[in-house]
Amino acid sequence: AEGNNTVTLSDVGAATGDALVEAYVLAAGAQTFTLGAAAQSVTADGTGDNGAIVIDTDTQTTVSGTFTSAGNDTIKLNVETNNTNISTATTTDVDTIDLANDVDVTMTVTQHGALNAAAGDNTITLSDAGTITGDTNVETYVLANGGGTTITIGADGQNVTTGNGADTIDVGTRTATGTFTTSATS
């Protein structure tokens with residue numbers, strides 16, 4: 001459809017967005033919504049029905065929409081496809097982010113704070129600098145270029161590749177068995 005289109009759903013259930021629609025407003029209640037386009041935005045119903053909303057990225061490899069909880073709903077973003085970049089998505093209202101089996105993702109430090117689950121073998125590439133603790137279920141971290149990131153490893157075998165600036169890898173009390181790779185300019 002031409003222009004900027006918003007579809008408001010009147011009932012709950014599993015739905016998949018049409019690639020030609022820019023935004024969806026969901027009905028009140030628990031439901032799963034599958035993105036139909038990279039820039040698609042999703043807003044929870046404004047009445048806030050304490051709904052558990054799952055947004056699946058499906059085959060999208062770039063996710064840049066805005067996900068908004070207008071009430072007291074909870075939003076879980078499921079990243080389903082390997083090598084997906086969610087770093088430009090507005091996820092302020094997303095409560096948790098889950099990575100499907102063997103999915104690698106590019107995300108912001110703030111988005112990493114919402115990471116809830118990571119199945120299989122995962123690599124997280126950070127798009128910006130900050131301070132994080134590695135998730136115990138993530139095997140490898142790639143830090144953003146420019147330096148300024150401090151990572152405390154979350155598992156003994158966690159691997160870390162630094163960006164091209166001054167980063168800090170803190171092993172804390174762990175017996176580090178992973179591989180730490182630094183760039184020539186770090």
Side-chain angles (χ1 to χ4, degrees), residues 30 32-35 38 42 44 51-69 72-183 186:
T32 298
F33 184 86
T34 302
L35 296 176
V42 179
I53 297 167
V54 177
I55 299 173
D56 282 326
T57 63
D58 197 34
T59 60
Q60 306 302 319
T61 56
T62 299
V63 176
S64 59
T66 298
F67 309 118
T68 307
S69 175
N72 55 2
D73 299 299
T74 59
I75 298 176
K76 174 170 66 171
L77 181 64
N78 275 343
V79 182
E80 300 287 330
T81 300
N82 193 29
N83 296 320
T84 298
N85 184 342
I86 65 169
S87 67
T88 58
T90 303
T91 57
T92 306
D93 289 346
V94 171
D95 298 285
T96 59
I97 297 173
D98 290 358
L99 305 182
N101 193 48
D102 296 334
V103 166
D104 300 339
V105 66
T106 298
M107 63 176 31
T108 66
V109 168
T110 300
Q111 290 169 335
H112 182 270
L115 187 66
N116 182 59
D121 187 357
N122 310 101
T123 296
I124 291 180
T125 300
L126 296 174
S127 64
D128 60 349
T131 300
I132 67 163
T133 297
D135 186 279
T136 59
N137 295 314
V138 175
E139 289 70 26
T140 303
Y141 281 89
V142 178
L143 308 184
N145 282 329
T149 298
T150 297
I151 181 171
T152 301
I153 63 170
D156 291 350
Q158 209 155 59
N159 305 303
V160 179
T161 299
T162 65
N164 63 1
D167 294 311
T168 301
I169 301 170
D170 184 353
V171 298
T173 59
R174 298 204 170 274
T175 303
T177 59
T179 301
F180 301 151
T181 305
T182 58
S183 69
S186 289

Under 3.5 Å: donor-acceptor pair, side chain of [X], backbone of [Y]:
X      : Y      : result
Asn101 : Gly120 : yes
Asn78  : Glu80  : no
Gln158 : Gly178 : no
Asn83  : Thr61  : no
Gln60  : Thr81  : no
Asp167 : Thr149 : yes

Nearest 0.5 Å, what's the [atom1]-[atom2] distance between [X] and [Y]?
X      : Y      : atom1 : atom2 : result
Leu99  : Asn122 : CG    : CG    : 5.0 Å
Asp170 : Ile153 : CG    : CD1   : 8.5 Å
Asp56  : Asp98  : CG    : CG    : 9.5 Å
Gln111 : Ile86  : CD    : CD1   : 4.0 Å
Asp58  : Phe33  : CG    : CZ    : 11.0 Å
Thr57  : Asn85  : OG1   : CG    : 11.5 Å

Note, Thr91 side chain near Thr110 side chain (heavy atom, < 4.5 Å)
no
For the residue pair Ile55 and Leu35, establish whether any side-chain heavy-atom pair is separated by less than 4.5 Å.
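Yes, side chains in contact.
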Of all heavy-atom pairs between [X] and [Y], which one has the smallest distance, and what is that distance?
X      : Y      : result
Met107 : Ile97  : CE-CG2, 4.2 Å
Tyr141 : His112 : OH-NE2, 2.7 Å
Ala129 : Ala144 : N-CB, 4.2 Å
Asp156 : Arg174 : OD1-CB, 3.2 Å
Ala114 : Val94  : CB-O, 4.3 Å
Asp73  : Asp95  : O-OD2, 3.9 Å

Taking Ile124 as the fixed residue, which of Asp104, Leu115, Val142, Thr140 is the one that meets the side chain to side chain contact (heavy atoms under 4.5 Å, CB included) rule?
Leu115
Worked verdict on Val109 versus Thr131 for side-chain contact (heavy atoms from CB on, under 4.5 Å)
CA-CA 7 Å; Val109 168; Thr131 300; over 6 Å; no
